[in-house]
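Notes to accompany the following structure.
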Amino acid sequence: MNRRAAQLLQWYDDHHRLFPWRVTPSERARGILADPYRVWLSEIMLQQTTVEAVKPYFQAFVARWPTVGALAAASDDDVMRAWAGLGYYSRARNLKKCAEIVANELNGEFPSTIEGLKALPGIGDYTAAAIAAIAFDRPAAVVDGNVERVVTRLFAISTPLPAAKSEIRAKVQAITPTNRPGDFAQGMMDLGAMICTPRRPACVLCPVNDDCRVLGEGDPELYPVKAPKKDRPVRQGAAFVAISSSGSVFLRKRPASGLLGGMAEVPCTDWTARRDGDTSADAAPFPARWSASGSISHVFTHFELRLSVYRAENVAEKIADNGWWASPDELPDEALPTVMKKAIAAAIPDAFKAA
DNA sequence: AATTCGTGGAC
DNA sequence: TGTCCAAGAAT
């Protein structure tokens, strides 16, 4: 094993983080293996998502669906409701599809190879390598944002991302040991999260600081170099919170694909246009006594949305169609993305407060 | 290669 | 307040 890997593994033994989906180094040494289902589920949830945000969702999912077969047997709507709030909802749709394939076509067992894993929906380069390494001890090159940062600093790779990805992957493959590749991968990610951080890295505590080219030559904070970001346009629209005489709220289901695909919403004007949408009550989906009820702002990855919120009370339930009425106690369990919860809360301030 | 996908926390 | 960014994938 190369010296860099040995030093990294020793550091991981001493300083690894503990997560509900993890097997510790000592457990692994005693032959306890990670459950591929839990590794897969956690890796999907962790895509572009912080550990702290994932924890409660992971616990809820494994408590409710302890096996891939149980998840495959769940309803799509139950999975989307359970995922609501975590973001990137195509992950939830692909999660369900993947569970069905594994349960129904692969005898309930995840593939152990990169190729087999990548063929499954929602599993790309990173996740395939991570599952292969962590769950099956394959010496796969696991490259996430942490590893990109660590490696561009270790080797002083100044090519901007994402063009540098292939070069980074080759470096990672070269230093990945055949012994304990899963612990090595997790160690590299822990190193990036705890020591080799984006700002103010703790280089003095780094187990491989003796081999870091950037530490010797310049400023680690300048790595990785990234391509400039696009600006974020502002879009506007209106949201309509219709309340029945019994206090129910009218919801619809969004189209299966695209932004917030398959999730629930209150009726809205179009906000796909780059110019301002119609923010007036004239754009209401059906006639009612609409009154302005404030506005909300919500930041998506590639645009910012400002919604004027209108509310109407004592709306006759039969006037609205292509949707359903959610009672006050049902509302918190609907598949409502955060932006929709904000809009409803603007009209009904205590809609999502604990009973 | 460039876009389109959420959300919340840190600074 | 604005900016970055967090275990990326699909198209």
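None of these values were measured; they are calculated from a predicted model. Sequence lines set the chain letters: A, B, ... in the order given, protein chains first and strands last, and positions in each chain run from 1.
- For the pair A/Lys230 NZ and C/dC4 P, the interatomic distance rounds to 15 Å; values are reported in whole Å.
- The interatomic distance linking A/Lys55 (NZ) with B/dG8 (P) rounds to 18 Å, in whole Å.
- Regarding A/Asp231, its CG atom lies at a distance of 14 Å from the C1' atom of C/dG2, rounded to whole Å.
- Each of A/Lys97, A/Lys96, A/Lys253, A/Arg93 was checked for a salt bridge (charged side-chain N to carboxylate O under 4.0 Å, His left out) with A/Asp76, and the lone residue meeting it is A/Lys96.
- Side-chain atoms of A/Arg138 never come within 3.5 Å of backbone atoms of A/Thr113 as a donor-acceptor pair (strictly under, hydrogens ignored).
- Using modelled atom types, no side-chain atom of A/Gln59 and backbone atom of A/Lys55 make a donor-acceptor pair closer than 3.5 Å.
- In this structure, A/Phe303 atom CZ and B/dT3 atom P are separated by 16 Å, rounded to whole Å.
- Listed by first residue number, the stems of DNA chain B with at least three Watson-Crick or G-U pairs below 3.5 Å are B:2-5 with C:8-11, B:7-11 with C:2-6.
- A/Ser246 pairs by the side chain to side chain contact (heavy atoms under 4.5 Å, CB included) definition with A/Ser244, A/Ser248, A/Glu317, not counting sequence neighbours.
- Under 4.0 angstrom from either OP1 or OP2 of B/dT7 there lies at least one side-chain N or O belonging to A/His298.
- Rounded to whole Å, the distance from CZ on A/Arg200 to C1' on B/dC11 is 11 Å.
- To the nearest 0.5 Å, the span separating CG on A/Leu251 from CE on A/Met340 amounts to 10.0 Å.
- Among the heavy atoms of the strands, none lies under 4.0 Å from A/Gly261.
- One can place CH2 of A/Trp83 at 17 Å from P of B/dC5, the figure rounded to the nearest angstrom.
- Using P as the reference atom, C/dA6 and B/dC5 are 23 Å apart when rounded to the nearest Å.
- Taken residue by residue, residues 152-175 of chain A places no heavy atom nearer than 4.0 Å to DNA chain B.
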Between A/Leu307 and A/His298, does a side chain to side chain contact (heavy atoms under 4.5 Å, CB included) hold up when you go through it step by step?
CA-CA 8 Å; A/Leu307 282 177; A/His298 190 78; over 6 Å; no
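- Considering CH2 of A/Trp11 and NE2 of A/His16, their distance stands at 10.0 Å, rounded to 0.5 Å.
- To the nearest 0.5 Å, the span separating CG on A/Asp270 from CZ on A/Arg235 amounts to 9.0 Å.
- Across the P atoms, B/dG8 and C/dA9 are found 22 Å apart, a figure rounded to whole Å.
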Which donor-acceptor pairs under 3.5 Å do side chains of residues 159-176 of chain A form with protein atoms, sequence neighbours excluded?
unit_1, atom_1, unit_2, atom_2, d
A/Lys165, NZ, A/Glu148, OE2, 2.6
A/Gln173, NE2, A/Pro139, O, 3.0
A/Thr176, OG1, A/Val172, O, 2.7

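- Using a cutoff of 4.0 Å between basic side-chain nitrogens and carboxylate oxygens, A/Glu304 and A/Arg232 are not scored as salt-bridged.
- To the nearest whole angstrom, the two P atoms, one in B/dT3 and one in C/dA7, are 24 Å apart.
- Within the 4.0 angstrom heavy-atom criterion, no nucleotide atom of any strand lies near A/Val142.
- Considering only side-chain N and O atoms, A/His302 lies nowhere under 4.0 angstrom from the phosphate OP1 or OP2 of B/dT4.
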Mark up nucleotides 5-11 of chain C, 5' to 3', with B wherever a protein heavy atom is under 4.0 angstrom from a base atom, S wherever such an atom reaches only the sugar-phosphate, and - elsewhere.
SBBBSS-
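- Aromatic ring centres of A/Phe61 and A/Phe58: separated by at least 6.0 Å.
- Sorted by first then second residue, the side-chain hydrogen bond (donor to acceptor under 3.5 Å, both in side chains) pairs that include residues 31-43 of chain A, not counting sequence neighbours, are A/Glu43-A/Tyr126.
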